[in-house]
Amino acid sequence: MRVRFVCITIIVFGALVLITGCGEKDITEPEAEMAELEAEMVEPEDPCLQQGPPNTGQLTVTPAPGGVISSSQEFMLIVDTFPTEVIEVTANGISATATEADGIGRVWVVSLILEPGTQGFSVEWTESDGCMRSQAVGPYTVVADED
């Protein structure tokens, strides 16, 4: 009789362990678990990252990409970043100069020296909220200047 009692006790105890678990952490509902994870997430400190990607159609360059240009070319850059204002523009690391054009607004002018061949360049600008943006421009067919 004792053997049967011990066997039945072991079977009942084993069944209870299988049913209730071994005292591990309770399983939470998926929605509650997601809420906990979202609460633990840290927001990015950079406000520019919170704004998302910039509008891709913000930069207009004259002469337009695809043309033939001289190796020492002056470019006009118009950066439209409404509602913020552009406070600084560089092309290949060279600072552009701001001018005002009737009906257009602020136009940035920069002269670049490019090697003959197929070339492009990078334009970077800083907006009044401190965000920096950039865009690649080109390609151009660059020909050597005539002396």
Side-chain angles (χ1 to χ4, degrees), residues 8-147:
I8 291 174
T9 305
I10 290 173
I11 291 172
V12 169
F13 181 72
L16 287 174
V17 168
L18 287 175
I19 292 172
T20 61
C22 296
E24 294 179 11
K25 182 180 175 184
D26 291 336
I27 298 175
T28 57
E29 294 296 320
E31 293 84 16
E33 190 172 343
M34 281 301 290
E36 289 175 15
L37 291 173
E38 288 174 357
E40 292 174 4
M41 290 175 49
V42 177
E43 292 294 322
E45 294 178 16
D46 187 353
C48 299
L49 294 176
Q50 293 175 351
Q51 293 176 3
N55 181 351
T56 56
Q58 294 180 6
L59 177 65
T60 305
V61 180
T62 304
V68 177
I69 61 172
S70 69
S71 60
S72 59
Q73 180 69 46
E74 183 176 270
F75 293 92
M76 290 191 332
L77 312 168
I78 301 171
V79 186
D80 182 15
T81 59
F82 182 78
T84 61
E85 183 180 333
V86 175
I87 57 174
E88 180 181 17
V89 175
T90 62
N92 281 1
I94 298 172
S95 293
T97 304
T99 62
E100 295 294 326
D102 291 336
I104 298 175
R106 184 173 285 172
V107 175
W108 298 83
V109 179
V110 63
S111 294
L112 297 177
I113 306 289
L114 301 171
E115 294 291 322
T118 302
Q119 300 290 338
F121 59 94
S122 176
V123 177
E124 297 178 341
W125 62 90
T126 305
E127 298 173 6
S128 58
D129 59 5
C131 294
M132 294 184 68
R133 309 285 189 200
S134 65
Q135 186 172 327
V137 178
Y140 291 93
T141 302
V142 180
V143 295
D145 289 336
E146 295 179 17
D147 291 326

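Sequence positions, counted from 1, serve as the residue numbers for this chain. All values below come from the heavy atoms of this structure, side chains included, with hydrogens, waters and symmetry mates left out.
The nearest pair of heavy atoms linking Pro139 to Thr118 is CB-CG2, 3.7 Å. The nearest pair of heavy atoms linking Val86 to Trp108 is O-CZ2, 3.7 Å.
Here Thr126 pairs with Ile87, Glu88, Met132 under the side-chain contact (heavy atoms from CB on, under 4.5 Å) rule; sequence neighbours left out. Under the side-chain hydrogen bond (donor to acceptor under 3.5 Å, both in side chains) criterion, Ser71 pairs with Asp145, sequence neighbours left out. Partners of Pro65 under the side-chain contact (heavy atoms from CB on, under 4.5 Å) rule, at least two apart in sequence or in another chain, are Val137, Tyr140. With sequence neighbours excluded, no residue satisfies salt bridge (charged side-chain N to carboxylate O under 4.0 Å, His left out) with Glu124. Applying the side-chain contact (heavy atoms from CB on, under 4.5 Å) rule to Ile113 yields the partners Ser72; only residues at least two apart in sequence or on another chain are considered.
Under the salt bridge (Lys or Arg N to Asp or Glu O under 4.0 Å) criterion, the residue pairs touching residues 104-122 are Glu85-Arg106, Glu100-Arg106, with sequence neighbours excluded.
For the pair Val123 and Val110, the minimum side-chain heavy-atom distance is 4.5 Å or more. At a threshold of 4.5 Å between non-hydrogen side-chain atoms, the residues Gln119 and Gln73 do not count as touching. In this structure the side chain of Asp80 never reaches within 4.5 angstrom of the side chain of Thr60, judged on heavy atoms. Counting only heavy atoms from C-beta outward, the side chains of Ser95 and Thr90 approach each other to under 4.5 Å. The shortest distance between side-chain heavy atoms of Trp125 and Leu77 does not fall below 4.5 Å.
Atom-to-atom distance recorded for Thr62:OG1 and Phe75:CZ is 10.0 Å, nearest 0.5 angstrom.
Side-chain N or O atoms of Asn92 include one that pairs as donor or acceptor with a backbone N or O of Ser122 at under 3.5 Å.
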CA sep, side-chain torsions, deciding dist, call: Val61, Phe121, side-chain contact (heavy atoms from CB on, under 4.5 Å): CA-CA 11 Å; Val61 180; Phe121 59 94; 4.2 Å; yes
